[in-house]
Amino acid sequence: MRGISREVLARDAAWSLADGACKDLTIEWARWEDLYAAALTQAGRLAALAAPAAVCAGCRITGECADLAELSGYTGIAAGEGYRTGR
């Protein structure tokens, strides 16, 4: 049996993102990611995650969002957590 590629898994996870609690927060999300990226300390990064984490706390697809971040090597905020190249 052939394995499923990371690309296929990422594509499948991406389909569910339209159902995310953040779907209408594009401008806010970009601002939050900029704040997170500019934070120079761990405390600053945690503070920058507060608002997006609150959005993600009520979201039903955080698992898919986290999977996509990991599979695609995402850098930014996903599923209420900070990611750098998918970790």
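Given the structure is predicted, the values throughout are model-derived calculations rather than measurements.
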> What's the shortest heavy-atom distance between Ala21 and Cys59, and which atoms?
Replying inline: N-SG, 3.4 Å

> Roughly how far apart are Arg87 CZ and Thr75 OG1, rounded to 0.5 Å?
Replying inline: 11.5 Å

> Which atom pair, heavy atoms only, marks the closest approach of Gly80 to Cys56?
Replying inline: N-SG, 3.1 Å

> Where the side chain of Glu33 meets the backbone of Ile77, is there a donor-acceptor pair that is under 3.5 Å apart?
Replying inline: yes

> Under the 3.5 angstrom rule, does the side chain of Thr85 hit a backbone N or O of Gly73 as a donor-acceptor pair?
Replying inline: no

> What are the two closest heavy atoms between Gly44 and Ala39, and how far apart are they?
Replying inline: C-CB, 3.5 Å

>> Would you compute the distance between atom CG of Asp67 and atom OG of Ser72 and round it to the nearest 0.5 angstrom?
In response: 10.5 Å

> Hey, any chance Trp29 and Tyr83 share a hydrophobic cluster, counting ILVMFWY side chains that come within less than 4.5 Å of each other, even indirectly?
Replying inline: no

> What pair of heavy atoms forms the shortest contact from Cys65 to Ala78, and how long is it?
Replying inline: SG-CB, 3.8 Å

> Can you list the steps and then say if Leu68 with Tyr74 is a side-chain contact (heavy atoms from CB on, under 4.5 Å)?
Replying inline: CA-CA 8 Å; Leu68 182 59; Tyr74 183 68; over 6 Å; no

> Measuring from Glu81:CD to Leu49:CG, what's the distance to the nearest 0.5 Å?
Replying inline: 7.0 Å

>> Just verifying a value: how many Å separate Arg31 CZ and Thr26 OG1, rounded to the nearest 0.5 Å?
In response: 12.0 Å

> Quick one: are Trp32 and Val55 in side-chain contact, heavy atoms under 4.5 Å?
Replying inline: yes

